[in-house]
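This report refers to the structure that appears directly beneath it.
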Amino acid sequence: MRCLAVDVGGSGLRVTWAGERPGPVGRSGGVRLGPTGIDSADLVERALSLAGEVDDGRGEGVDRLVWSTRGLMLQDPGPLREMLVARTGCGHVAIVSDAVGSLVGALGAVEPGAVVAAGTGAVAFATDLDATWRRVDGWGHVLGDEGSSAWLGLAGMRAALRAVDDRPGGSRTLLDAARELLGDPATWPRQTMTGPHAPALLGSMAPAVTAAADGGDEVAAELCARAGTALACSLLDAAAGLPDVPLTAVGGLLGAARVRAALEEEVARHGRVLRPADGDALDGARLLALRWRTHQLPHHEVHLRSAGAPPAQVARSGS
């Protein structure tokens, strides 16, 4: 039985065949935005192309496909699922929120818990796999994603522009870094507001902010601390009412020591601790696909939608 796992993030698309051990991972560029939102057709074509590139050569079809994606609440996943079924012939397709994928990947199992995922975007999620399925943030780089790479990059660019205007709270260090990355400040509004890759563009500024913080820039250091605290607050809000579930965190931004430290400090201030993450959203999609070979997946109308009958032996056993 062949299982395919896909993860769609703000700045990248990743695909792997879901064996007992993690296999090769195919990678492609970020999400493309069209007039009606995420360009699903483009994602499907790129994902299947990547799947072919990292195939094991057996030439078999797809029996289980789990697609972890950002923005699941923001658009109807039905057309995406229909597209995947039509293109792969697979009748067992699950579309899950990247928040669910991140939680399963971080815990290394399908079990209750809470996670905050801090990549280009940011979302926190907690569930007991029963009555509680709670998401916090994940509203995109314009309205939310507090503490994310896009949020931090945007804050860094704002500090850079305050330096252009010679105002308090500006940073010449961030101005120099942003100029090197994006060119003339006069072009920044167009690049960040009208470009199809705005979230990834903003996120690309985040490493400059964390580097400036490590180099002693006080404005950048404060922004990193605010990012970590915001992520912790989202995680704690998501886990409210679930005092016994493990808390964890994933995402590339957590590689920044100052962001991670602020996150841990805020969580500790509330009497909780972070459990080290085993993996990320792609690992979560892989684990869900493997579990689906023998068990029905948890179902939620918003966060995890699957379709297709379970294996006959599973249906008979009532698993």
Side-chain angles (χ1 to χ4, degrees), residues 7-14 27-34 37-39 43 69-71 74 98-99 102 116-124 136-165 169-214 217 219-231 234 250-256 258-260 262-263 281:
D7 174 54
V8 180
S11 57
L13 167 68
R14 300 178 298 158
R27 304 173 189 272
S28 183
V31 170
R32 295 189 176 100
L33 301 178
I38 295 174
D39 188 343
L43 288 175
T69 182
R70 70 191 302 263
L74 307 182
D98 62 344
S102 294
V116 63
T120 302
V123 62
V136 170
D137 208 348
W139 292 114
H141 68 288
V142 175
L143 298 177
D145 288 357
E146 294 182 21
S148 67
S149 291
W151 180 94
L152 184 58
L154 177 59
M157 292 179 68
R158 285 173 171 162
L161 290 175
R162 293 184 77 86
V164 171
D165 294 337
S171 167
R172 301 296 303 185
T173 300
L174 293 178
L175 175 57
D176 292 341
R179 274 181 168 150
E180 183 176 351
L181 182 66
L182 301 172
D184 185 347
T187 69
W188 297 356
R190 176 181 54 78
Q191 292 187 63
T192 57
M193 289 189 288
T194 63
H197 306 292
L201 181 67
L202 292 171
S204 70
M205 180 63 188
V209 180
T210 61
D214 292 340
D217 186 274
V219 172
E222 174 60 24
L223 294 178
C224 289
R226 286 173 53 196
T229 300
L231 293 169
S234 293
V250 298
L253 186 57
L254 299 182
R258 292 174 183 270
V259 176
R260 179 84 189 196
L263 167 61

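Numbers for residues simply follow the sequence, beginning at 1.
The two atoms that bring Gly147 and Leu231 nearest to each other are O-CD1, 3.6 Å, heavy atoms only. Ser171 and Asp217 get closest at one heavy-atom pair: OG-OD2, 2.9 Å. Nearest heavy-atom pair across Pro199 and Ala150 is O-CB, 3.8 Å. Closest approach of Cys224 to Ala262, counting heavy atoms only: O-CB, 4.5 Å. The two residues Val219 and Gly169 come nearest to each other via the heavy atoms CG1-O, 3.7 Å. Across all their heavy atoms, Ala198 and His141 have their closest contact at CB-NE2, 3.9 Å.
Of the possible polar contacts, none joining the Thr229 side chain to the Arg226 backbone as a donor-acceptor pair under 3.5 Å is found. Without hydrogens or angle criteria, Ser148 side chain to Thr120 main chain gives a donor-acceptor distance under 3.5 Å. Asp98 contributes no side-chain N or O that, together with a main-chain N or O of Ala281, makes up a donor-acceptor pair within less than 3.5 Å. Trp188 places no side-chain N or O within 3.5 Å of a backbone atom of Arg179 that could act as its donor or acceptor partner.
Two residues are said to be in side-chain contact when any heavy atoms from C-beta on lie closer than 4.5 Å; Met157 and Thr192 meet this criterion. Using a 4.5 Å cut-off on side-chain heavy atoms (C-beta onward), Leu182 and Thr187 make no contact. The closest side-chain heavy-atom distance from Val116 to Leu254 is not below 4.5 Å. Residues Thr210 and Arg258 have side chains not in contact (no heavy-atom distance under 4.5 Å, counting atoms from C-beta outward).
Separating the CZ atom in Arg158 from the CG atom in Leu161 is a distance of 9.5 Å, to the nearest 0.5 Å. Here the CG atom belonging to Asp145 is positioned 11.0 Å from the CG atom belonging to Leu154, to the nearest 0.5 angstrom. Rounded to the nearest 0.5 Å, atoms CG (Leu175) and CZ (Arg162) are 13.5 Å apart.
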